[in-house]
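Single-structure report; data block below.
Whatever order the structure lists them in is the order used to number ligands and atoms, beginning at 1.
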Amino acid sequence: MNILETIKKNIKGKNIKIVFADTYEVSILRAAEQLVKEKLCVPFFVGDRKVMEKIAKENKINVQGFEVRDPSFDVFTEQFAKEYFEIRKAKGITMDEAKQTMLKSSFFAAMLLKHDVVQGMVSGYASPTKPFIPAFHIIGTKGARASSYFLMLKNEQIFLFSDCGLIIDPSSDELAEIALTTASTAKLWNIEPKVAMLSFSTRGSAKHALVDKVKIATDIAKKKNPSLLIDGEIQFDAAILPEVAKKKCPDSVLKGNANILIFPDLNAGNIAYKMAERLGGFTALGPLLQGLQKPVNDMSRGASVSDIVSIACITAYAAFEGKK
Ligand SMILES: CC(C)(COP(=O)(O)OP(=O)(O)OC[C@H]1O[C@@H](n2cnc3c(N)ncnc32)[C@H](O)[C@@H]1OP(=O)(O)O)[C@@H](O)C(=O)NCCC(=O)NCCS
């Protein structure tokens, strides 16, 4: 059974409510129909039910089992606006602006999640820029920063790659946090974390400020979680190949068996996951958000119906596991 089938088995029939902020998108509605049909979650939408139903009808999509809330009339909109004003007033927002913001589906959806009306949120499909902001502002982070990861799958192999989608140029502190957060995310996937802090250098083989950044990050992460199996700075081959590890860093705790790869910046991370996917034959699931108080995931505008179903299932699974 592959990992997605396992997730579906775990969430099936649990009635986990997942809110979609992109209510008028045919692909989202089609994915929601499939989610209902397979009893994988309860799709929740934010917007005008009539408009949604019209689009669904035109595309022969059955909306039975969908829940819809319209911020223009909802009993909670006023309360949510007041709350949003409180959260953002230090940043100079006015009450009027807070009210306007609450009419936006992604912000209202984030409020529904904050108040446990739903257990997870999927957004970003129709958003050209910064789809993460409602989650950052309203849901909040567990630590200093949220980050993202990809679940990389090929046959029996599973890796977590981070950060390949969110933090562009992390400082050493941020890189350490990315490593610790990803190690904690690994538990969701029953992976015993072995974290490689990747660089073009292994243990001082090269000297450069970019290498120092990774080395310092490794030291910070080790200090914060001394029992974590983590090594860095380390090259990719020494991180994943035991025979190379023996030569380059024989005392490495990873012994060439890293399963979490932390990249020094978004250039490296984004290029690496695409290469593993396109040249290495891995399936890349993500980017998935981590480090937020509650499960939120974004998807790209190119996401297929099956991608949307997968992201919704992963979000529901994170909500289900998080409650245990
Ligand atoms: C996500 C992203 C847009 C944030 O950029 P930014 O310049 O920090 O954005 P802003 O400064 O406008 O930040 C907006 C708010 O989000 C917060 N924020 C930004 N990144 C955050 C993070 N990783 N975790 C938590 N909050 C974050 C900021 O602190 C800010 O909060 P504030 O409004 O209370 O001050 C940026 O990191 C980005 O573009 N990342 C790359 C995404 C991308 O292109 N990926 C492509 C590959 S998939």
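Judged by distance alone, the side chains of K142 and Q293 never bring a donor and an acceptor atom under 3.5 Å apart. In the model, T185 has a side-chain atom that pairs as donor or acceptor with a side-chain atom of Q290 under 3.5 Å. At a cut-off of 3.5 Å, with distance as the only test, a side-chain donor of D307 or S304 sits close to an acceptor on the other residue. S147 and E177 are not linked by any side-chain donor-acceptor pair at a separation below 3.5 angstrom, with hydrogens and angles left out of the test. Side chains of D96 and T94: no donor on one and acceptor on the other come within 3.5 Å.
The shortest N or O to N or O distance between F132 and ligand 1 is not below 3.5 Å. Polar contact check, S147 against ligand 1: no nitrogen or oxygen pair lies under 3.5 Å apart. Among the atoms of L166, some N or O lies under 3.5 angstrom from an N or O of ligand 1. For ligand 1, the polar-atom distance check against G165 finds a nitrogen or oxygen pair separated by under 3.5 Å.
If you number the atoms of ligand 1 from 1 as listed, the ones under 4.0 Å from a heavy atom of T141 come out as 25 (C). Near A146, meaning under 4.0 Å from one of its heavy atoms, ligand 1 places the atoms 22 (C), 23 (N), 24 (N), 25 (C). Below 4.0 Å from some heavy atom of R88 lie the following atoms of ligand 1, by number and element: 32 (P), 33 (O), 34 (O).
Counting heavy atoms under 4.0 Å from ligand 1, residue I133 touches it through the side chain alone.
Of the candidates R145, E174, E177, H137, the one placing a heavy atom closest to atom 18 (N) of ligand 1 is R145.
Between D116 and K294 there is a salt bridge, since a side-chain N of the basic residue sits under 4.0 Å from a carboxylate O of the acidic one.
The 12-atom threshold is not exceeded at NZ of K215, counting heavy atoms of other residues, nucleotides or ligands nearer than 6.0 Å.
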